[in-house]
Amino acid sequence: MTFAGGLLSTWSPCGYSSLCLLRPHGRYSVASVAGWLPTFAMHGLGYAAGAVVLGTVLGLAGMALGFSGFSGGALLGLAALAILYGVHQLDFLRIPYPQRRAQVPHDARQRFPMWVIGGLYGFALGLNYLTYVQTPVLYVVTAAAAVTGNVALAVAIFAIFNLGRFLPIAVNLLPVTDIAVQSWLARRQERAAAFDGVLLVAAGFGFVGLALI
């Protein structure tokens, strides 16, 4: 669920923007891709740094609140959160969807080298709450990270989520046009939202099963 939630974050304004803005310069060639690899690497490092920061904060917060792992009660709480947001995504119920409706700064590309922008975008998106939240899987992942009460586990959870967010940028290693990528995403926007809902509901019942074991 965590990894899939990261992938589903691609269907967001920031996901579209990153795929569009962080592309190799000029015509596709070995040279253009090689010149783009520092941007690709810095983008990944930015996501990794974001996972460390957010995971550390949530792990410490959970520790301070007395959480110490996935007890039966914690699993049932995660189950309720996942099922409610799954029903929300499937349009059967409307529940609060708190977020900061912001995007990565487009003007940064005019002020910094591309590899710096890749790192900045990766870090901003890796913190997850600085920009538009596409999938409520993020809220379930956040709750799970806090419930661990363990910094290492919380960082690991967000490292998996951010890996899912990062990997789609690898499409720019291939000889595909930006228009083709954006069109592919747009055609599957509704399917992604539906899959999001099904994933959350399934995960919720999975949590219930674990709580009953």
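With rounding to the nearest 0.5 angstrom, the CG atom of Leu58 is 12.5 Å from the CG atom of Leu153. Taking CZ of Phe161 as the reference point, atom CE of Met1 lies at 9.0 Å (rounded to 0.5 Å). Here the straight-line distance linking atom CE of Met114 with atom CG of Leu21 works out to 7.5 Å at 0.5 Å rounding. Distance check, rounded to the nearest 0.5 Å: CZ of Phe3 to CG of Leu167 gives 5.0 Å. In this structure, CD1 on Ile117 lies 7.5 Å from CG on Leu120, to the nearest 0.5 angstrom. Going from atom CZ of Phe207 over to atom CG of Leu81 covers 9.0 Å, rounded to the nearest 0.5 Å.
Looking at Val33 and Phe40, their side chains never come closer than 4.5 Å, going by heavy atoms from C-beta outward. Using a 4.5 Å heavy-atom threshold, the side chains of Leu200 and Ile83 count as separate. Looking at heavy atoms from C-beta onward, Met63 lies out of side-chain contact with Asn150 at the 4.5 angstrom threshold. Using a 4.5 Å heavy-atom threshold, the side chains of Tyr47 and Arg165 count as touching. Side-chain contact between Trp184 and Val176: absent, with no pair of heavy atoms (C-beta onward) separated by less than 4.5 Å.
Heavy-atom minimum distance, Val87 versus Val201: N-CG2, 4.1 Å. When all heavy atoms of Phe123 and Ala49 are compared, the pair lying nearest together is CD1-CB, 3.8 Å. Of all non-hydrogen atoms in Ala211 and Gly72, the two that sit nearest each other are CB-O, 3.8 Å. When all heavy atoms of Val208 and Ala79 are compared, the closest pair comes out as CG2-CB, 3.6 Å. When all heavy atoms are compared, the tightest approach of Leu90 to Gly197 is CG-CA, 3.9 Å. Closest heavy-atom contact between Ala4 and Leu199: CB-CD2, 3.7 Å.
Heavy-atom neighbours of Ile179 CD1 from other residues, nucleotides or ligands within 6.0 Å: at or below the threshold of 12. The neighbour count for Arg27 CZ, taken as heavy atoms of other residues, nucleotides or ligands under 6.0 Å away, does not exceed 12.
Inspection of the Thr177 and Tyr28 side chains reveals no N or O donor paired with an N or O acceptor under 3.5 Å. A donor-acceptor contact closer than 3.5 angstrom links the side chains of Tyr16 and Gln189.
Judged by distance alone, the side chain of Trp36 and the main-chain N or O of His25 form no donor-acceptor pair under 3.5 Å. Side-chain atoms of Ser183 never come within 3.5 Å of backbone atoms of Ala180 as a donor-acceptor pair (strictly under, hydrogens ignored). When atom types are taken as modelled, the side chain of Arg94 and the backbone of His88 share a donor-acceptor pair closer than 3.5 angstrom. Checking side-chain atoms of Asn162 against main-chain N and O of Ala48 turns up no donor-acceptor pair under 3.5 Å. Listed for the Asn128 side chain is a donor-acceptor partner under 3.5 Å among the backbone atoms of Gly126. When atom types are taken as modelled, the side chain of Gln89 and the backbone of Asp196 share no donor-acceptor pair closer than 3.5 angstrom. No donor-acceptor pair closer than 3.5 Å links the side chain of Ser18 to the backbone N or O of Gly15.
The six-membered or imidazole ring of Tyr97 lies near that of Tyr139, with a centre-to-centre distance under 6.0 Å.
In this pair, Phe166 and His43 present their aromatic rings tilted. The plane angle is within the 30 to 60° band.
In the hydrophobic clustering of ILVMFWY residues, with side-chain heavy atoms under 4.5 Å counting as a link, Leu54 and Phe67 come out apart. Under the 4.5 Å side-chain heavy-atom criterion for Ile, Leu, Val, Met, Phe, Trp and Tyr, Leu212 and Phe70 are members of distinct hydrophobic clusters. Transitive grouping of hydrophobic side chains (ILVMFWY, heavy atoms separated by less than 4.5 Å) brings Phe195 and Leu93 into a common cluster. Hydrophobic clustering (side-chain heavy atoms under 4.5 Å, transitive across Ile, Leu, Val, Met, Phe, Trp, Tyr) groups Ile169 together with Leu163. By the criterion of side-chain heavy atoms lying less than 4.5 angstrom apart, applied directly or through intervening Ile, Leu, Val, Met, Phe, Trp or Tyr residues, Val171 is not grouped with Val30; the two fall into different hydrophobic clusters.
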Full working for side-chain contact (heavy atoms from CB on, under 4.5 Å) between Gln182 and Leu19: CA-CA 8 Å; Gln182 302 289 331; Leu19 291 174; 4.2 Å; yes

Walk me through whether Val52 and Phe158 qualify under side-chain contact (heavy atoms from CB on, under 4.5 Å). CA-CA 8 Å; Val52 170; Phe158 268 99; over 6 Å; no

Could you go through the side-chain contact (heavy atoms from CB on, under 4.5 Å) check for Leu60 and Val151 one step at a time? CA-CA 6 Å; Leu60 291 175; Val151 170; 3.7 Å; yes

Hey, mind stepping through Thr135 and Tyr85 against side chain to side chain donor-acceptor pair (under 3.5 Å) and telling me if it holds? CA-CA 9 Å; Thr135 169; Tyr85 272 117; over 6 Å; no

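Screening Val141, Val155, Thr2 for a side chain to side chain contact (heavy atoms under 4.5 Å, CB included) with Ile160, the sole residue that qualifies is Thr2.
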